[in-house]
Amino acid sequence: MNIFRLTGDLSHLAAIIILLLKIWKSRSCAGISGKSQILFAMVFTTRYLDLLTAYISLYNTSMKIIYIGCSYATVYLIYAKFKATYDGNHDTFRVEFLVVPVGGLSFLVNHDFSPLEILWTFSIYLEAVAILPQLFMISKTGEAETITTHYLFFLGLYRALYLINWVWRFYFEGFFDMIAIVAGVVQTILYCDFFYLYVTKVLKGKKLSLPA
Amino acid sequence: WDHINRKDEL
């Protein structure tokens, strides 16, 4: 464990908690893409199956359980409890265009052709593009609530910190995982446009609005 | 390239 991975995990946890609290407290999921949240629940489910097979540390196990629990709770709030506030008309990204290619690629490019490894690879590739429905929805509505931008900021920051963690681990431990690194770079690049808007607008107290 | 596929990350 190094400081970059720890702050990355805490940034990820912060994002997940911010979103869950935003929906719970405002009793509304307006502006939130339910499709992205379903994809994240799929990411955690397929990646953390090793909860049943391997014990790494209390930290590792408890964080995985928290991530899975919060992501399913968020999906439940969006599609069940606060379904009336779900903005289905703007959450129209065709997720099959993400899941099918990612599924195919995880069979073609992986470290080991075993079920757990293919599911892990699928989850790594899926996480890289899981935010696209959310970013697409914001581009369609032309704006985002400030709390939603903070959620996206911490979510994008987490994988950027993981990139630094992988540099650190390669240098100090000779450890690297090319699949995770390439997917992590793609994932972080997808946030660059948002990061620019976040820094130039939200941090200056303005509302995030895109030229519609 | 020393590649170890350790799954100790979240």
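This structure is a prediction, so every number in the text was calculated from the model and none was measured. First the proteins, then the strands, lettered A, B, ... as listed; each starts at 1.
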>> Counting neighbours of OH on A/Y55 that are heavy atoms of other residues, nucleotides or ligands and sit closer than 6.0 Å, is the number greater than 12?
In response: yes

>> Heavy-atom count check: over 12 atoms from other residues, nucleotides or ligands less than 6.0 Å from A/Y59 OH?
In response: yes

>> Could you report the tightest heavy-atom contact between B/L10 and A/Y48, atom names first, then the distance?
In response: C-OH, 3.2 Å

> Less than 4.0 Å between a side-chain N and a carboxylate O, is that true for A/R47 and B/E9?
Replying inline: no

> Can you tell which of A/D50, A/I179, A/N60 has the highest number of heavy-atom pairs within less than 4.5 Å of chain B?
Replying inline: A/N60

> Nearest 0.5 Å, what's the NZ-CD1 distance between B/K7 and A/I56?
Replying inline: 9.5 Å

>> Taking atom CZ as the centre, does A/F172 end up with more than 12 heavy-atom neighbours from other residues, nucleotides or ligands that are less than 6.0 angstrom away?
In response: yes

> Under 6.0 Å from the CG atom of A/D193, do we count more than 12 heavy atoms belonging to anything else shown?
Replying inline: no

